[in-house]
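Here the structure is laid out as C-alpha cells; the discussion comes afterwards.
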Amino acid sequence: MIVEEIRKEISQEDSVVLQDILHTVELGDYNKDEGFELLGDLRSSRQKRRNYKDKQEVMNMLLGGDENTGSQHAMDALDKIKEVTSPRSYQYRIQNSNKNIVSYYNLNK
C-alpha cells in the first residue's frame, strides 16, 4: 500500500540518513568544502522527508475522513493539499544570540 511505502521513506530519512549525517558532523574530520557538502546532504534529506510527510498528510486526509462525507471531505482534502504545497516558514524555538546568523538565512521559502 502506498501509505506504508511513504511511512518507510519517512523512517529511512529520519533514522538512517539523518543519523549518518549527524554522526559525520559530530565525529568527522572534514574541511570547509566537505562541510558545505554535508550541509547540502542534510538539506536534501530534510526536503525529501518534508515531501514524504506532505504526501502522508494528503493521503491521511483522503483515506480518513470518518467524520466528513461526500463533498465536505473532498473540500477538506483540497484545503490540505493547498496547505502542504504553500510556501513554508520556520519560527525559531530558541533565540539565537547571534542575530546575524538568523537574518542571513531565508527560511521563508
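All heavy atoms count here, side chains included; hydrogens, waters and symmetry mates do not.
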Contacts of type side-chain hydrogen bond (donor to acceptor under 3.5 Å, both in side chains), residue Asp14, not counting sequence neighbours | Arg49

Listed by chain and number, what are the side-chain hydrogen bond (donor to acceptor under 3.5 Å, both in side chains) partners of Gln56, not counting sequence neighbours?
-> none

By salt bridge (charged side-chain N to carboxylate O under 4.0 Å, His left out), Asp41 pairs with (sequence neighbours left out) none

Might you point out which heavy atoms bring Ser45 and Leu18 nearest each other, and give the distance in Å?
-> OG-N, 4.4 Å

Partners passing side chain to side chain contact (heavy atoms under 4.5 Å, CB included) against Asp33 (at least two apart in sequence or in another chain) = Asn31

Mind checking side chain to side chain contact (heavy atoms under 4.5 Å, CB included) for Lys8 and listing every partner two or more places apart, or none if nothing turns up?
-> Glu4

Hey, could you give me the [atom1]/[atom2] distance between [X] and [Y], rounded to the nearest 0.5 Å?
X     : Y     : atom1 : atom2 : answer
Arg7  : Tyr52 : CZ    : OH    : 15.0 Å
Arg43 : Lys48 : CZ    : NZ    : 14.5 Å
Lys55 : Ile10 : NZ    : CD1   : 10.0 Å

Enumerate donor-acceptor pairs with a distance under 3.5 Å from any side-chain N or O in residues 20-29 to protein atoms, sequence neighbours excluded.
from	atom 1	to	atom 2	distance (Å)
His23	ND1	Gln19	O	2.8
Thr24	OG1	Asp20	O	2.8

Within a radius of less than 6.0 Å around CD of Glu34, do more than 12 heavy atoms belonging to other residues, nucleotides or ligands occur?
-> yes

Atom OH of Tyr30 with >12 non-hydrogen neighbours under 6.0 angstrom = yes

